[in-house]
Amino acid sequence: MWAVTTVSSLGDWLGVFALVVYVASSDHPISGAKAEFAVGGVLLFRVVPGLFFGPFAGVLADRFDRRRLMVSADIARAFLIASIPWVHTLWELYLVSSLMEMLGQMWMPSKDATIPNLVERDQLMMANQLSQISTYASFPFAGALVALLVAPAHLLQGVFPALKAHPVILAFFFDAGTFLFSASRVATFPRELMKVKRARAPGARWNPFSDLLEGLRFIRKQPIVRTLVLGAWTAFSGGSAIIALGPIFAGKLVRSSQGATAAWGTLIVAVGLGLVGGMMTAGWLSRRFDREKIFPIGLMVGGISAVGVSLMTSLQAALPVTFFAGFGAGTAWVTTFTLLQEKTEDRLRGRTFATLQTGIQLSLFIGLAGWPLLAGAIGNHTLSTSHYTIDFSGSRIAMASGGIFLFFSGVDAARGIATARGLRKTARKRGLRFRQPALAGGARKGLFISFEGVEGAGKSTQVKLLYDWLTKEQGKDVVVTREPGGAPIAERIRHILLDTQNRGMDPKTEALLYAAGRAQHVSDTVRPALERDAVVICDRYIDSSLAYQGLARGLGEDDVLHLNEWATDELLPDLVILLHLEAERGLERLEGDPDRMESEDVSFHRKVGEAYVHLAREYPSRFAVVDASGTKEQVHTQVRAAVLPFLAPDRVET
Ligand code: TYD
């Protein structure tokens with residue numbers, strides 16, 4: 001996927017450059033159009049239709065096989081770009097240009113939505129770093145390549161005479177080649193990773209508008225997702241001030257008209273290096289700092305730097321500040337991608353990314369046109385005293401305003417993230433509240449222990465060993481139970497859940513049924529046992545739902561937690577023993593016919609394993625992580641050590 005991204009981004013940029021060079025050349029074969037008009041038109045026809053089509057591109061990416069979508073878009077683009085030498089009117093060219101853009105819009109969200117299915121959770125950040133660096137760092141290479149392709153074009157003139165007048169045509173063919181390369185690679189990807197698991201019944205009629213609305217509603221309702229998307233939009237409209245005003249502003253820094261273009265080029269390089277530097281550092285930062293804070297801080301750093309740039313009076317001073325503006329934006333951008341992929345379930349991801357990108361295009365469009373207008377409206381002013389002259393030109397004020405805009409998009413994002421966290425923190429605190437009284441051995445009666453782990457981690461063996469130890473050696477009243485099940489009605493729900501005939505079960509149905517069985521199990525079995533001060537050992541409990549339904553199925557950890565808190569009247573275990581084992585090793589240990597959950601593919605079980613590790617990190621005081629790869633006695637020793645502190649001191653007999 002990385003190779004594909006690199007090659008096709010190079011192709012994308014190359015196509016844009018080549019097209020601009022082609023239509024701008026004074027004697028182009030397209031009759032009668034002025035060069036400026038032609039260039040402007042090509043760019044306009046790329047952007048505007050895309051603004052309307054973009055959101056639907058996301059709907060397609062969530063509806064159809066993403067692999068097929070990407071391959072078809074690549075092949076169509078290859079043909080379109082290679083057909084340009086045969087296009088004779090400007091309108092045809094505009095049509096080709098906007099079709100290319102729409103196909104690109106279909107391709108991108110499919111790619112962004114697939115990345116999380118290709119890599120492990122903790123590698124997602126790095127995958128995005130690589131993907132985004134490839135996307136943006138190929139820009140200067142594409143520029144150079146357009147120039148380099150002129151030489152081979154001269155050699156090929158004999159074969160294709162049109163190359164004589166327009167060597168840049170070769171770039172179109174090269175570009176077509178990059179699309180075909182991408183198609184040939186993507187076609188070999190495993191199908192399961194790119195096929196969207198749709199929640200809707202297969203027979204239902206497809207309504208793209210309701211799919212679109214569903215995507216927008218999701219973004220609006222999820223605090224973090226909303227914050228990220230809105231933050232990126234406002235950030236781009238603010239940040240576009242640097243790009244839009246750069247050429248005018250560069251002139252102010254060097255005060256000579258020849259130097260202005262070179263100064264502008266240098267500023268662009270500084271921003272570009274900053275961007276790539278920020279993207280490269282984002283992964284390192286995310287390992288040390290909280291990812292959700294990197295995003296708003298990156299935007300603020302970008303904003304402050306943009307204001308700084310607007311105050312500069314020399315190119316030398318402006319360059320490092322410009323670098324930091326790019327750096328802040330680069331860290332924020334990679335983090336946005338990673339967080340969005342983590343917080344969005346697969347079936348909504350195409351739409352989320354399409355909405356993100358379309359909004360960004362709109363922001364850029366408005367920003368690129370708007371900031372220079374503002375600068376023009378303000379005009380040039382200077383304030384002179386006897387010692388120095390202060391420049392209050394419109395371009396400085398507009399650039400500073402863009403920076404302030406960017407800064408406040410960061411502030412707003414910080415606030416949005418704090419709100420979203422507040423919701424999560426209350427849930428976490430509640431988790432702790434139930435643990436403390438049991439530890440003290442007093443206020444709350446009984447002791448509630450659950451066992452968790454991937455399939456085949458050895459939970460039932462360890463439950464049995466712990467039961468023996470607690471009853472025979474500690475003289476405890478112990479109730480062993482399990483989920484799904486543990487009470488007559490809950491056992492019937494278990495049957496529905498594990499029946500392999502129920503293949504098409506909607507993830508939400510699944511989560512609700514597990515929670516439904518749990519509600520019955522808690523009220524029939526667990527609470528009565530705790531009331532009479534017994535120890536309850538439960539084979540799987542809420543954390544199974546968080547891992548399987550919340551994280552592996554992608555319904556979202558927070559929603560599943562809330563659902564289960566409601567189902568159980570907030571009864572959380574005092575201690576969760578996580579038998580930690582690699583998913584593959586666990587699956588090897590399984591015997592007999594696999595049930596519905598066990599028949600999921602390895603990648604699902606791997607996600608479950610990672611989800612448990614994530615949960616154990618998130619709730620360290622509730623979890624005891626036990627290495628389950630040893631012999632059953634070795635594991636049992638660790639389990640006992642984890643349980644011991646929970647047995648009231650006066651009653652421990654060692
Ligand atoms: P079970 O045979 O009890 O699992 P194991 O053999 O691993 O002890 O089957 C329970 C299956 O249901 C298991 O694959 C995990 C899954 N599950 C959930 O997905 N969510 C839940 O909330 C629970 C309790 C189980």
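Not measured: the values here are computed from a predicted model. Order of listing sets the numbers, starting from 1, for every ligand and every atom in it. Just so you know, these numbers use all the heavy atoms, side chains as well, and skip hydrogens, waters and symmetry mates.
Interface atoms of ligand 1 facing R494, defined by a heavy-atom separation under 4.0 Å, are 1 (P), 2 (O), 3 (O). Within ligand 1, the atoms closer than 4.0 Å to a non-hydrogen atom of P484 are 10 (C), 24 (C), 25 (C), numbered from 1 in the order shown.
Contact annotation for L497 and ligand 1: no heavy atom of the residue comes within less than 4.0 Å of the ligand. Of all the heavy atoms of R482, none lies under 4.0 Å from any atom of ligand 1, so neither backbone nor side chain is involved. At a 4.0 Å heavy-atom cut-off, ligand 1 touches E483 through backbone and side chain alike.
Inspection of the Y612 and S544 side chains reveals an N or O donor paired with an N or O acceptor under 3.5 Å. Using modelled atom types and a 3.5 Å distance limit, the side chains of Q105 and Q357 yield no donor-acceptor pair.
Sorted pairs that involve residues 217-230 and meet side chain to side chain donor-acceptor pair (under 3.5 Å), not counting sequence neighbours, are lacking altogether.
Contact annotation: the side chain of F353 approaches that of R349 to within less than 4.5 Å [non-hydrogen atoms, C-beta and beyond]. Here the side chains of R287 and M125 are not in contact, with every heavy-atom distance at 4.5 Å or above.
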Salt bridge (charged side-chain N to carboxylate O under 4.0 Å, His left out) between E214 and R347, worked out: CA-CA 11 Å; E214 184 191 25; R347 52 175 281 274; 2.4 Å; yes
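The closest protein non-hydrogen atom to atom 4 (O) of ligand 1 is R540 NE, 3.5 Å. Protein heavy atom nearest atom 6 (O) of ligand 1, with residue, atom name and distance: E598 OE2, 4.0 Å. Closest to atom 14 (O) of ligand 1 among all protein heavy atoms lies E455 OE2, 2.5 Å. Nearest non-hydrogen protein atom to atom 9 (O) of ligand 1 is L498 CD1, 3.7 Å. Here the heavy atom of the protein found nearest to atom 20 (N) of ligand 1 is Q549 OE1, 2.8 Å. Scanning the protein for heavy atoms near atom 24 (C) of ligand 1, the closest one is R518 NH2, 3.3 Å. Nearest non-hydrogen protein atom to atom 22 (O) of ligand 1 is S545 OG, 2.5 Å.
Aromatic ring pairs are classed by plane angle as parallel below 30°, tilted from 30° to 60° and perpendicular above 60°; the pair Y541 and F448 is perpendicular.
When the options H605, R596, K459 are ranked by their closest heavy atom to atom 8 (O) of ligand 1, first place goes to K459. Counting heavy atoms only, Y514 comes closest to atom 12 (O) of ligand 1 of the residues Y514, F451, Y548.
Checked for salt-bridge contact, E483 and R494 miss the test: no charged N lies under 4.0 Å from a carboxylate O. Taking the charged nitrogens against the carboxylate oxygens, E600 and R553 do have a contact shorter than 4.0 Å, which makes a salt bridge.
For ligand 1, none of its N or O atoms has an N or O atom of E510 under 3.5 Å away.
Under the side-chain contact (heavy atoms from CB on, under 4.5 Å) criterion, M126 pairs with Q129, not counting sequence neighbours.
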